[in-house]
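Values below: all heavy atoms of this structure, side chains included; hydrogens, waters and symmetry mates excluded. Residue numbers begin at 1 in each chain, while the letters A, B, ... track the order of the sequences.
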4 protein chains.
Amino acid sequence: MRSKAGPGGAPTFTKTARRAQILACAIEAIAETGYGRASLAEIARRAGVSKGVVSYYFTSKDELLTQVVLDVYGRAGAAIAARTDTETDPSAVLTGYVEANLAFLDEHPADIRAVTEIAMNLRTPEGAPRFTPSGADPVLTHLEGLLRAGQEAGSFRDFDAHALAILVRGAIDTASGRLVTDPDFDLSTYTRELVALVGLATRRTP
Amino acid sequence: MRSKAGPGGAPTFTKTARRAQILACAIEAIAETGYGRASLAEIARRAGVSKGVVSYYFTSKDELLTQVVLDVYGRAGAAIAARTDTETDPSAVLTGYVEANLAFLDEHPADIRAVTEIAMNLRTPEGAPRFTPSGADPVLTHLEGLLRAGQEAGSFRDFDAHALAILVRGAIDTASGRLVTDPDFDLSTYTRELVALVGLATRRTP
Amino acid sequence: MRSKAGPGGAPTFTKTARRAQILACAIEAIAETGYGRASLAEIARRAGVSKGVVSYYFTSKDELLTQVVLDVYGRAGAAIAARTDTETDPSAVLTGYVEANLAFLDEHPADIRAVTEIAMNLRTPEGAPRFTPSGADPVLTHLEGLLRAGQEAGSFRDFDAHALAILVRGAIDTASGRLVTDPDFDLSTYTRELVALVGLATRRTP
Amino acid sequence: MRSKAGPGGAPTFTKTARRAQILACAIEAIAETGYGRASLAEIARRAGVSKGVVSYYFTSKDELLTQVVLDVYGRAGAAIAARTDTETDPSAVLTGYVEANLAFLDEHPADIRAVTEIAMNLRTPEGAPRFTPSGADPVLTHLEGLLRAGQEAGSFRDFDAHALAILVRGAIDTASGRLVTDPDFDLSTYTRELVALVGLATRRTP
DNA sequence: CATGAATGAGTATTCATTCAT
DNA sequence: TATGAATGAATACTCATTCAT
């Protein structure tokens, strides 16, 4: 018997499905009730299983929440890559990046909400934030790279890539909150304005 | 009839000072340890008083956190108004608004962090968010008003004021997180880029 | 949907036994230490379990205490019914009622004490008493019905049934307190006197 | 300075008045909100003074509640004595006793309610009840004495005086609860029935 | 694999009491 | 005398985690 270590060995289909189901319910719980109220009991209830099952598939709540973040990041990254990989022109890549990001928010608002809450609240046992949007933040670094690539290709004007990357990420991230709470928020208009603005910001002035 | 608990009647100097001290410690605790770990015990510990004192000055944790938000909003609004009230030209008002906002972030990053966390986490007993950045969000409405005023004065081009207001707010709000966690973040550069971008976004194309 | 906390679904034997055990310990604690000192910690201590167990089987202290009242009322009512259902003559029914009541007090003094304390102290969150011996008090209404039935059958004289019911209940209820605290109190003598008095009070004067 | 010992020396008029006022407010608070909610803060609030004042005039809450009981007992005893001292015939004394008791309940329901709650809840630091209606209960002993006096004078029949005293006290005490909570309760009818019953219970059968 | 009973640390809150002013 | 600020213990309740079945 090897029950001590939880689901080890090669991941079976059932195992993977259970994990995915629990991750989905955790996202739903956090998005709907907030970080503080998303207890393991609440997550288990939404999954229709007992608390023990959650503990069985994830060694701790910390690990569960970490997996939520990695899961969402992975799916978001894939969706964005699928959109930008087909483009070569720096401007088109950038437009694709913004559009793919906002489209992902539109299609997965709960995922974004959950990740945001986890990033703000999850801490190490010592109290330090586990997910810090630091200088090494891969999401930001990626966008910054796109901007620099455009500059190096001579397509973009001279601006501070780090600052503009932060600015654009902020404009993207804020949209997720709006989508959930602001009934007057129109994502297509917002996307159009942001794309236009990014165009103005990067375009070489004639 | 006197108030049941806590300091009633005319606020004395001591009373006001204690409340301010506790508010400051609550902000510090939330900014440093996150919403979930900012217990009344932690706040009291930072203030160097017993838990009872916090309960004595604030009838509940809910009230304490609400006061934190009102306090920070009040101070931020005053700082921004002091900067924008001296300007008349729409472009100058807008630039002043952005600069005053970012300056406030620079000078009070913990306040912003605390307010953001409270807004995301504080709930009514029924589970609904207490501070929702809804369509009626006064902060956003104010900025939207500045943009519309510039359009009506003929100084700004034709854009979606609601969308641009959200975009600029997002660009401002994201800076607070960066300030705390990103060592490479240079606020003056960021301010310059954001001001430039807002200029490009609102300027009538020649 | 499963219940959020505590044992849901079909009550198993273990589950029922634990609940019964905790109810018994709650009764014991209230009867011995009084309502004010009967904390969940004290009840758990007497049950030999941790505080969490009590919260696991009863969603709140309010529910636990309510169950205590319903439990005791149920058992007392059953005991009394078992004694009175075999009688048909109004006088014999009434005598049986009094005797069964006092016998229950004799056998379960702690239950009565606990119920009395809960009835006097348990309040709704708004401050109103949860168990009020109002005009609609089923215990009293039952006795009043027995008295009226005897009058309508022509066995009893003309008296105020409501007033006499209250009087007899008062005489019964006071005995429980005496049983616990008065070493000179002899229940069999008391029963004899009360039965005699009820006889005198209801008998048609010749 | 002798502030350590509270109000010592000869009781001035002011002191006596303050104590009486606080006692009255304590009674009011307990009667209206119940024992558990009658905090010193609540009592002080009703008296329009600060908590410190209550602590100044009564060394502890325990002492305050004890004084409430003694105060009410004293006033009730005086009212009953005033009524029974004018009678000499045992039957008339007994009738006067019952009537004076019920009249006091009618005129001072809050006092009775408060005393009842205190008697049930107030404990010594060791957990033992402070006011126990024991065999030596002076109130009961007094009534028992009246009954025995009637028997020794040959006016009353042969009954168990202790048991009947308990029974009558129970019938009296239950009326206070009814007065407060039962809108259908008619005290004059109840008094008539109880007096009649006591007559039947003590009368020598012809 | 799955359950759910049990634990124990942690939460906000209330309150009698003390004490400097 | 009187105030009210401060304390610290006690309360009910929540929840991540463990474990026998």
S.K.: Select one nucleotide: of F:dA5, E:dT13, F:dT17, the one nearest the side-chain heavy atoms of B:Tyr56.
M.R.: F:dA5
S.K.: Send over the distance from B:Leu65 CG to E:dT11 C1', rounded to a whole Å.
M.R.: 13 Å
S.K.: Give the rounded distance in Å between these two atoms: CZ of A:Phe58 and P of E:dA2.
M.R.: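 Between P of E:dA2 and CZ of A:Phe58: 13 Å.
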S.K.: Once pairs are restricted to Watson-Crick or G-U wobble with both distances under 3.5 Å, how does DNA chain F read as a dot-bracket string, [ ] for crossings and | for other-strand pairs?
M.R.: .||||||||||||||||||||
S.K.: Going by the rule side chain to side chain donor-acceptor pair (under 3.5 Å), which residues pair with C:Gln67 if we only count those two or more places apart in sequence or in a different chain?
M.R.: none
S.K.: Among residues 36-45 of chain C, which residues get a heavy atom nearer than 4.0 Å to DNA chain F?
M.R.: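 Within this stretch, C:Ser39, C:Leu40 sit under 4.0 Å of the strand.
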S.K.: Among all residues two or more places apart in sequence or in another chain, which pass the side-chain contact (heavy atoms from CB on, under 4.5 Å) test with D:Ala31?
M.R.: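 Here the qualifying residues are D:Ala110, D:Arg113.
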S.K.: Nearest heavy atom decides the nucleotide; on that basis, is B:Ser50 or C:Lys51 closer to the 5' end of DNA chain F?
M.R.: B:Ser50
S.K.: From the list E:dT18, E:dA12, F:dA16, which nucleotide is the closest neighbour of the side chain of A:Lys61?
M.R.: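 Closest of the options to the side chain of A:Lys61: F:dA16.
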S.K.: I'd like to check the side chain to side chain donor-acceptor pair (under 3.5 Å) partners of D:Asp111; sequence neighbours left out, ordered by chain and number.
M.R.: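 Side chain to side chain donor-acceptor pair (under 3.5 Å) check on D:Asp111 returns D:Arg75.
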S.K.: Please collect all salt bridge (Lys or Arg N to Asp or Glu O under 4.0 Å) contacts where either partner lies in residues 50-61 of chain A, sequence neighbours excluded, each pair once.
M.R.: none
S.K.: So which one's nearest nucleotide on DNA chain E is more toward 5', A:Arg18 or D:Gly52?
M.R.: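 It is A:Arg18 whose nearest nucleotide is closer to the 5' end.
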S.K.: Under a 4.5 Å cut-off applied to non-hydrogen side-chain atoms, are D:Leu65 and D:Ile30 in contact?
M.R.: yes
S.K.: For D:Gln21, check side chain to side chain donor-acceptor pair (under 3.5 Å) against everything at least two apart and list the hits.
M.R.: D:Arg18
S.K.: Sequence neighbours excluded, which residues qualify as side-chain contact (heavy atoms from CB on, under 4.5 Å) partners of C:Ala17?
M.R.: none
S.K.: In chain order, what residues pass the side-chain contact (heavy atoms from CB on, under 4.5 Å) check against A:Glu32, with sequence neighbours excluded?
M.R.: A:Glu28, A:Arg46
S.K.: Who pairs with C:Arg123 by salt bridge (charged side-chain N to carboxylate O under 4.0 Å, His left out), at least two apart in sequence or on another chain?
M.R.: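 Once residues adjacent in sequence are excluded, the partners of C:Arg123 under the salt bridge (charged side-chain N to carboxylate O under 4.0 Å, His left out) criterion are D:Glu117.
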S.K.: Taking side-chain contact (heavy atoms from CB on, under 4.5 Å) as the test, write out the residues that go with D:Arg130, two or more places apart.
M.R.: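 side-chain contact (heavy atoms from CB on, under 4.5 Å) list for D:Arg130, sorted by chain: D:Asp62, D:Thr66, D:Leu122, D:Thr124, D:Pro125.
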S.K.: Within residues 26-35 of chain D, which residues have any heavy atom lying less than 4.0 Å from an atom of DNA chain F?
M.R.: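 Per residue number, the list is empty: none.
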S.K.: Counting the atoms with a prime plus P, OP1 and OP2 as sugar-phosphate, which does B:Ser60 contact under 4.0 Å by heavy atoms, base, sugar-phosphate, or nothing?
M.R.: sugar-phosphate
